[in-house]
Amino acid sequence: MSLIEIRDMYKIYNPGENEVRAIDGVNLTIEHGEFVAIIGQSGSGKSTLLNMLGGLDKPTSGTVIIDGVDITKEKDLSELRSAKVGFIFQLHNLIPNLNALDNVEIPLIGTGMKEKEMKQRAKYLLEAVGLGDRMKQKPNKLSGGQRQRIAIARALVKKPKILILDDSTSAVDTATDAKIRKAFREEIPNTTKLIIAQRISSVKD
Ligand code: ADP
Ligand code: MG
């Protein structure tokens with residue numbers, strides 16, 4: 001069984017006169033452990049597709065099967081979001097009044113892990129993305145690229161089954177990009193990765 005199967009997906013915003021056909025009949029199958037890149041210009045429907053995969057929005061028609069479950073029919077997607085899919089959004093949704101370390105720790109809360117272990121794990125991942133010296137800073141004191149890296153560390157902290165990156169490395173320099181790729185290889189070698197970008201250079205690996 002494939003990990004992800006999208007069948008005949010349509011997403012039409014504002015049906016009627018001003019409708020936007022953001023997704024127009026997409027079929028896509030992704031196997032366990034695959035690394036898939038989707039490239040397209042701004043407004044081509046990339047974020048819409050990923051939001052549907054993550055259960056953040058429902059398609060107008062079609063099905064999305066993840067790990068054997070049709071998520072378009074599920075009412076409660078909290079398990080999918082918390083256990084299976086690590087999301088890194090274009091806008092990284094960090095919590096402004098928490099420092100970098102606490103932001104990365106959030107997904108571990110409620111897992112039964114001890115506070116000390118959670119801190120260690122979060123610290124380790126911040127170091128992996130090159131932010132070891134910025135752990136106590138709040139997001140608004142950091143650059144866009146640094147905030148993206150916090151979001152990346154946060155998405156890796158629970159070793160998700162699926163990692164979705166929406167234009168996530170667009171604002172980081174080449175050296176940092178290499179660090180992040182290394183973290184992906186070492187931390188989550190078996191995770192299925194879906195990355196979307198505007199430029200082919202972002203996905204050249
Ligand atoms: P991309 O991520 O490739 O830049 P999006 O998926 O964000 O593209 O958007 C695809 C199209 O759908 C665009 O034309 C955009 O304006 C439109 N769109 C996205 N979200 C909404 C929304 N919530 N309501 C109406 N139109 C939307
Ligand atoms: Mg987008």
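What you see is a predicted model, and the numbers here were worked out from it, not measured in a lab. Each residue takes its place number in the sequence, starting with 1. In each ligand, atom 1 is the first atom listed, and ligand 1 is the first ligand listed.
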Contact atoms of ligand 1, heavy-atom distance to Ser42 under 4.0 Å: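 Once the distances to Ser42 are compared, the set is 4 (O).
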Close-contact set for ligand 1 against Gly43 heavy atoms, below 4.0 Å: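 This gives 1 (P), 3 (O), 4 (O), 8 (O), 10 (C), 11 (C), 13 (C), 14 (O) as the contact atoms.
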Salt bridge or not between [X] and [Y]? Use side-chain N to carboxylate O under 4.0 Å.
| X | Y | answer |
| --- | --- | --- |
| Lys161 | Asp67 | yes |
| Asp102 | Lys119 | yes |
| Glu127 | Lys179 | no |

Less than 3.5 Å between some nitrogen or oxygen of Ala22 and one of ligand 1, yes or no?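 So ligand 1 has no N or O lying under 3.5 Å from an N or O of Ala22.
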For Asn14, is at least one N or O under 3.5 Å away from an N or O on ligand 1?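 No; the residue has no nitrogen or oxygen that sits under 3.5 Å from a nitrogen or oxygen of the ligand.
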Going by side-chain contact (heavy atoms from CB on, under 4.5 Å), name the residues that satisfy it together with Tyr13, two or more places apart in sequence or in a different chain.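 Applying side-chain contact (heavy atoms from CB on, under 4.5 Å) to Tyr13 gives Lys11, Val20, Ala22, Thr48, Asp57.
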Results of side-chain contact (heavy atoms from CB on, under 4.5 Å) for Lys182 - residues two or more places apart only: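 Once residues adjacent in sequence are excluded, the partners of Lys182 under the side-chain contact (heavy atoms from CB on, under 4.5 Å) criterion are Arg185, Glu186.
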Does only the side chain of Val20 get under 4.0 Å from ligand 1, or the backbone, or both, or neither? Count heavy atoms.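 Just the side chain.
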At a 4.0 Å cut-off, with the gap strictly under it, does some heavy atom of Gln41 reach an atom of ligand 1?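 In this structure, Gln41 qualifies as a contact of ligand 1 - some heavy atom is under 4.0 Å.
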Yes or no: does Ser44 have any heavy atom under 4.0 Å from an atom of ligand 1?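 Right, Ser44 reaches ligand 1.
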At what distance, to the nearest 0.5 angstrom, does CG of Asn99 lie from CE of Met135?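 It is 10.0 Å, given to the nearest 0.5 Å.
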Using a distance threshold of 2.8 Å, state whether an N, O or S atom of Ser42 lies below it from the Mg ion (ligand 2).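 Given the 2.8 Å cut-off, Ser42 does not count as a ligand of the Mg ion (ligand 2).
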